[in-house]
There are 2 protein chains.
Amino acid sequence: MASTRAGPNLSRIAASLGVSVATVSNALSGKGRVSAELVERIRATAAALGYVPSQAGRALRTGRSGVLGLVLPDISNPLFPQIAQAVEYAASVAGYGILIADSRGDIGMQTEAINRLVERGVDGMVIVPRRGTRIADAGCPVAVIDTPSTPGNTVSADHWQGGREIATHLRDLGHRKILLIGASSTSNVQNDRIGGFKSALDATIKTEVLWIEKLEEQNGPGCLLGLADKARQGFTAFAALSDLHALRALTELQRAGIAVPDSATVTGFDDLIWSAVVTPALTTMRMDMETIAEIAIAALVNAIENGGPIEKGGPGEAAADEPLPGSRLVTAEKSRVPMQLVVRQSSGPGPARTNLSAENS
Amino acid sequence: MASTRAGPNLSRIAASLGVSVATVSNALSGKGRVSAELVERIRATAAALGYVPSQAGRALRTGRSGVLGLVLPDISNPLFPQIAQAVEYAASVAGYGILIADSRGDIGMQTEAINRLVERGVDGMVIVPRRGTRIADAGCPVAVIDTPSTPGNTVSADHWQGGREIATHLRDLGHRKILLIGASSTSNVQNDRIGGFKSALDATIKTEVLWIEKLEEQNGPGCLLGLADKARQGFTAFAALSDLHALRALTELQRAGIAVPDSATVTGFDDLIWSAVVTPALTTMRMDMETIAEIAIAALVNAIENGGPIEKGGPGEAAADEPLPGSRLVTAEKSRVPMQLVVRQSSGPGPARTNLSAENS
DNA sequence: AGGCGTTGATTAAACGATTAATCAATCTTT
DNA sequence: AAAGATTGATTAATCGTTTAATCAACGCCT
């Protein structure tokens, strides 16, 4: 078979300089023994010929593909593209490419997706799991980005602290009756956000949780959440556990003639792209995706290149959740990244603060 | 160097069966000359040992990595994750992996991203360009997904037809004064949508275009679009060129006390995830991303595996736009995929239809 | 002068899979 | 029976890069 390479290989450079292939390789990699003068000549020739190393040759020899897998539950869900973007960037900075594996909301497909990555020979994987995700013995290091309460989680936003922050914000605004709006009680992320929320409030503040998935099972997809009724029942704040739910609450309230934030405050989580442009702009919690991705990729690359800290997942680890068995899970020194409150126009004073102002004047 | 492979290789299977490595390879690939009985034995042994072919070995010998690149302008922009998802799925069905390259809204970075993919030895690329994207001589087949008016476009939604459809919908609803809301006049996609829109209307219907980027340059990011004023000027329909802009229009009108769709109709494009859940649910145009991705991947794979139809891009091609020089652009038989109108609650009757009803009764 | 250490290169082999060419045995045709 | 064709396997080489081991030449120290 004639060479299928479009560009030059090492032997072409070696031939044109009258040196060995190994010398060219050593010169370009800065290893081995090559005089400084010859290094310069080799590098100049390589540049002039437009030499691009063969990843296949390199991978075969070194046992490393230079590629990481990214496993996502559903990239069309608005939260995950941010993760993909941050992870891809951090990986490229570290010299790795990202092979994407999306399971389109189907958990069973995540195992398939993981296996496909294994077959591709990825050096490691970043997995954003969903309830039920099972990580086969990937045979490579794995970083998990979910929430700190997930067993084997490598690094993630501190969803609990995020919940506390938004709750504190609403408490300080004077809200005493708050409806939390979430997707599903089976999600670790959502439960941690709620847990943190409630931990910041005392018994004088009443909270209730509305699970959208449950409601849609009864009333069909896209059904009204019944927020106008909740407002009439005295709820003055609607704390959604994601911006998507917040958007839904906002438009439903406004459509019902309930002015936001005058008569009802709406908050979200995740600071999605449209949060700043809707009217009123949305108050939300922001995740530092860049830092999360950097930490995850750094831990993964460390495990790949230096055999860094790895936690062997398996039965007997944490108990509360389905364990992720037989994995080579990487750990990071810093595994919780604080969320940041972004106050915009959708949050306004509640009755307790309005009353307080009246008493002071 | 000892083998770094976690699993067995062909020679392990060959040794355990007392046959040659070439026989094992032939049996597993269905090529060459191997008796049916021996094929079965080899396959059973491979399965029992958990054999996974080495992509590196295969790529080196065949000159093919089995990986395609996907170049996106900004995956965190709500439109592009759909594309990524559809492309990844179509590629995996065709047996290819997708290496993602995102330029985070920075056009200069797209060239870098493309070069990184070249270095990775991808077999081909799918590129979603932005104004100014330059495709270096990638040395591999390239499929472009933008809009039919983009030179070198492989396949895309028929944005013109989409514009016609939404315009017809609004015309039939009785709207005679329509504000179009777009991002930037430099986008081929947006201009085709507007072109189609206007082509469906005659002189009795007045349209105006509001460019958000221009407005934000003057008034800052996230500024109000001034839609309440437009409504007072008699505009009864707000036809946004994307769902993101439609969402912005919807919330701004609602906040200003202008009921949607009672007093103002709002439509979008792209049928993003939240279009069906906001109140009122959004009328929009839907792209058949699955079909687009299938066509693009099929054309690309055909070019890779069979040397199928390739259009050599370069100067002298189409003139209207910046040409994409030196590319190996693939073509597809069907390059326009119709968009589909999705009517939901955000669109309602306009004055001409209300008047017509009054005359009839 | 002889021995040892260092330098700068090359040789040889490895990694794993694929594939064209070759060969021995068997079958079919003349 | 001899020649030609077919079958089912193996041999040999390739792809491109990396890397351990080796070697010749030179410099330094005793």
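The sequence lines fix the lettering, A, B, ..., with proteins before strands; numbering per chain opens at 1. This is a predicted model, so every value here is computed, not measured.
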From [atom1] of [X] over to [atom2] of [N], roughly how many Å is that when rounded to an integer?
X     : N      : atom1 : atom2 : value
A/L10 : C/dT10 : CG    : P     : 13 Å
B/I13 : C/dT18 : CD1   : P     : 11 Å
B/L17 : D/dT10 : CG    : P     : 10 Å
B/L28 : C/dT18 : CG    : P     : 8 Å
A/R58 : C/dA17 : CZ    : P     : 21 Å
B/E37 : D/dT7  : CD    : P     : 17 Å
A/L38 : C/dG8  : CG    : P     : 10 Å
A/R64 : D/dT19 : CZ    : C1'   : 14 Å

Given [N], is OP1 or OP2 found less than 4.0 Å from the side-chain N or O atoms of [X]?
X     : N      : answer
B/R33 : D/dA9  : no
B/K31 : C/dT18 : no
B/S20 : D/dT10 : yes
A/S25 : D/dT18 : yes
B/S35 : D/dA9  : yes
B/R61 : D/dT14 : no

### Query
Are side-chain N/O atoms of A/N153 and A/S156 paired as donor and acceptor at under 3.5 Å?
yes
#### Entry: Given DNA chain D, 5'-ward residue of the pair B/T23 and A/A56, judged by closest heavy atom
B/T23
### Message
Starting the side chain at C-beta, find the nucleotide from C/dA12, D/dG16, D/dT10 nearest to A/S54.
### Response
D/dG16
### Selected nucleotide, minimal atom distance to B/L60 side chain, candidates D/dC15, C/dT11, D/dT10
D/dC15
## Note on the structure
Between B/C140 and B/V122 the two heavy atoms that sit nearest each other are CB-O, 4.1 Å
### Pairs involving residues 85-100 of chain A, ordered by first then second residue, that meet salt bridge (charged side-chain N to carboxylate O under 4.0 Å, His left out) (sequence neighbours left out)
A/E88-B/R116
### Message
Between A/I114 and A/V142, does the side-chain contact (heavy atoms from CB on, under 4.5 Å) criterion hold? Intermediate values first, please.
### Response
CA-CA 11 Å; A/I114 290 168; A/V142 172; over 6 Å; no
### Message
Does B/R104 qualify as a cation-pi partner of A/Y89, given the criterion of NZ or CZ under 6.0 Å from the six-membered ring centre and within 45 degrees of its axis?
### Response
yes
### Task
Nearest-nucleotide wise, let me know which of B/V21 and A/G57 is further upstream toward the 5' end of DNA chain C.
A/G57
